[in-house]
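Below: the structure, in structure tokens.
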Amino acid sequence: MSIRHFTLLLTILTIPCASYGQYNDTFLVREVDSLKQQIRLLQQELHALRLQTASSTYLDEDIEHLEERFERRIQDLEKKIGAVSRAGAPTAFNPRTTVFTNVAARIDDQPTTDAEGKIRIDDRPFLRSVEVDLRAPVDPYAEAVAILAVEDKAGAGFEVDPEEVYGILKRLPILETAPLGLKVKVGKYRAALGVNNRLHLHDVPWTTRPLVVSKYLGTEHGDFFESGYNPIGIDFDFFLPSPIPGSTLEMNLDVVRAGELALSEERGATQPAYLGHLNWFKDWNNEHFLTLGLSGYYERARAVPRTRLLGADITYKWRPAERGSFRSFVAGGELFVADHQFESGRRRNPVGWFTYAQYQLSWWLYIGARFDRVEEPDDPSLVTSAWSGYLSYYTSEFLRLRFGYDHRKSDLLGSTPSNTLLFEINFVFGSHPVEPYWVNR
């Protein structure tokens, strides 16, 4: 085997097949031809490699193993092309429309209320949200995304929320290039604070949001409903040189409107606020995938630093490299430490975190568990913790069902340990959606 072929194979095998900073990326229809051309070239190289080594026994086993991984990579590219073609080929410059409907029900052994303690939410079903996802290229340089959600207000009616509405510049018109792979996002979007905050409710692997997300980043009705931090601002997403070969290093730097984080609650913040997320990703043999991330948020009051938030996240995924195996394992967690100064001069440093693990039992079934622990922002001595388990039945990108159990206890006044049975179903229709990161197909 020549050095050129060996180098080509190693280069292909070290391209990350998924990056958590790309959960919500869309693919322009004009990229299909480019991907197809890549596959044709790779197939030609693979054919030449087989001919060159047909009469040699040197490194036959190694070459065969590389070929299997190489073919797996080609299959991944073909799947991506299929998703792009189904989503946008017939109407290249019309919005691709996908609708996500999320229905959930709960059975509780204790009276349970919303985040404000006013509305009972125990022992009843909810149409939690209906999201209309519109995406389209607007010209060769940019595309636009609008995700409009009709969300349940904890049983008190519904409200329309522009969950995400933004434009993406993928090339700079003046330079005709994208230095460091730069993408500029402008508008309202789910910010890069950890991993979970980027995901929409229908794409998370559990029925409820992690407590630290709803308490520290933001929610209106509690972790059973949609939570997270989606500010208005500008995001610069680009790649940095990675010190470790075969890995990627991605950076998000944002300038956003201050006062919208749950910890700050619009009390005297000066404009603007700043946040950043550094994401390192590496895969081994297209089988083991590791992502490490660091997040930071900084906001000033009129006189002194008021709210700072530091975060760290880790995600590990395993899936067999051989074809036809429908087993996978995902584990990870996130940690947030806040530095929160009140107008009275009091200063608090609450800590919140969660960890989880999930195993794929078959083509359809996933089983997992999660543990949450969060300190109250106003009083870190008050702790809420929760154990939860779940079983997900994922028929396809268009239908997802889940059964879950949640055990929770809290130091908050009047709280008693509670147990909750959960049921969730997601219907998806319209253009082909991107599969969640925890799915292995």
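Both backbone and side-chain heavy atoms feed into the values below; hydrogens, waters and symmetry mates do not.
- Remark: side-chain polar atoms of T208 are not paired, donor with acceptor, to backbone N or O of D223 under 3.5 angstrom.
- In this structure, K282 fails the cation-pi test against W280, since its NZ or CZ atom is not both closer than 6.0 Å to the six-membered ring centre and inside 45 degrees of the ring normal.
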Original post:
Step by step, would you call Y297 with Y229 a side chain to side chain contact (heavy atoms under 4.5 Å, CB included)?
Top reply: CA-CA 11 Å; Y297 176 91; Y229 177 55; 3.5 Å; yes
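- A donor-acceptor pair shorter than 3.5 Å cannot be found between the side chains of W438 and Q358.
- Judged purely by atom type and a 3.5 angstrom limit, N285 has no side-chain atom pairing as donor or acceptor with the backbone of E287.
- When atom types are taken as modelled, the side chain of S129 and the backbone of E131 share no donor-acceptor pair closer than 3.5 angstrom.
- When every heavy atom of N196 is checked against every heavy atom of F354, the shortest pair comes out as CB-CZ, 4.3 Å.
- Across all their heavy atoms, G293 and H277 have their closest contact at CA-NE2, 4.0 Å.
- For the pair R402 and F423, the cation-pi criterion (under 6.0 Å, within 45° of the ring axis) is not fulfilled.
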**OP:** Take V212 and L335, measure what side chain to side chain contact (heavy atoms under 4.5 Å, CB included) needs, and give me the verdict at the end.
**Re:** CA-CA 8 Å; V212 68; L335 168 71; over 6 Å; no
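- Checking side-chain atoms of R257 against main-chain N and O of P272 turns up no donor-acceptor pair under 3.5 Å.
- Salt bridge R308/D339: present, at least one basic N to carboxylate O contact under 4.0 Å.
- A donor-acceptor distance shorter than 3.5 angstrom exists from the side chain of R190 to the backbone of N197, with no hydrogens or angles considered.
- One N or O on the side chain of R400 and one on the backbone of H202 form a donor-acceptor pair closer than 3.5 Å.
- Between the D411 side chain and the V383 main chain, a donor and an acceptor come within less than 3.5 Å of each other.
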**OP:** Check step by step if side chain to side chain contact (heavy atoms under 4.5 Å, CB included) holds for Y394 and Q360.
**Re:** CA-CA 10 Å; Y394 190 95; Q360 183 180 6; over 6 Å; no
**OP:** Walk me through it: do Y298 and L275 pass the test side chain to side chain contact (heavy atoms under 4.5 Å, CB included)?
**Re:** CA-CA 6 Å; Y298 180 77; L275 66 91; over 6 Å; no
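- Side-chain atoms of D254 and Y189 form a donor-acceptor pair, as typed in the model, at a separation below 3.5 Å.
- Panel note: side chain Y393, backbone Y366; no donor-acceptor pair is recorded below 3.5 Å.
- Between T355 and G332, the shortest heavy-atom contact is OG1-O, 3.1 Å.
- In summary, the side chains of S264 and T307 do not present any donor paired with an acceptor at a separation below 3.5 Å, with no hydrogens or angles considered.
- Here the closest non-hydrogen pair linking L148 and P162 is CD2-CA, 4.1 Å.
- Taking each heavy atom of G333 and Y356 in turn, the nearest pair found is N-CE2, 4.0 Å.
- Between D161 and K188 there is a salt bridge, with a side-chain nitrogen of the basic residue lying less than 4.0 Å from a carboxylate oxygen of the acidic one.
- Checking T248 against S242 by side-chain atom types alone, no donor-acceptor pair falls below 3.5 Å.
- Looking only at distances, no side-chain donor or acceptor of T291 sits under 3.5 Å from a matching main-chain atom of Y316.
- Between H221 and F225, the ring planes are perpendicular. Angles over 60° get that label, and only those under 30° would be called parallel.
- Proximity of a side-chain donor or acceptor of K317 to a complementary backbone N or O of Y437 within less than 3.5 Å is detected.
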**OP:** Evaluate the ring-ring contact (aromatic ring centres under 6.0 Å, His included) criterion for residues F336 and W353: first the C-alpha distance (whole Å), next the side-chain angles of each, then the deciding distance (0.1 Å), finally the verdict.
**Re:** CA-CA 6 Å; F336 287 99; W353 58 275; over 10 Å; no
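- Applying the salt bridge (charged side-chain N to carboxylate O under 4.0 Å, His left out) test to E151 and every residue at least two apart in sequence or in another chain returns nothing.
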Original post:
Under the ring-ring contact (aromatic ring centres under 6.0 Å, His included) criterion, do F371 and W387 qualify, and how do the steps go?
Top reply: CA-CA 5 Å; F371 177 75; W387 284 97; 4.5 Å; yes
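- When every heavy atom of P205 is checked against every heavy atom of S392, the shortest pair comes out as O-OG, 4.2 Å.
- The pair E376-R348 fails the salt-bridge criterion, with no side-chain N (NZ, NE, NH1 or NH2) lying under 4.0 Å from an Asp/Glu carboxylate O.
- Side chains of E424 and Y390: a donor-acceptor N/O pair is absent below 3.5 angstrom, by distance only.
- Taking the side-chain contact (heavy atoms from CB on, under 4.5 Å) definition, one finds that T98 meets it with F100, D133, V428, S431, P433, sequence neighbours left out.
- Note on D237 versus K170: no salt bridge recorded, every NZ/NE/NH1/NH2 to OD/OE distance being 4.0 Å or above.
- Between R198 and D313, none of the side-chain N atoms (NZ, or NE/NH1/NH2) sits under 4.0 Å from a carboxylate O, so this pair counts as no salt bridge.
- Residues R209 and S214 bring no donor and acceptor atom of their side chains to less than 3.5 Å of each other.
- The closest side-chain donor-acceptor pair between N102 and R128 falls under 3.5 angstrom.
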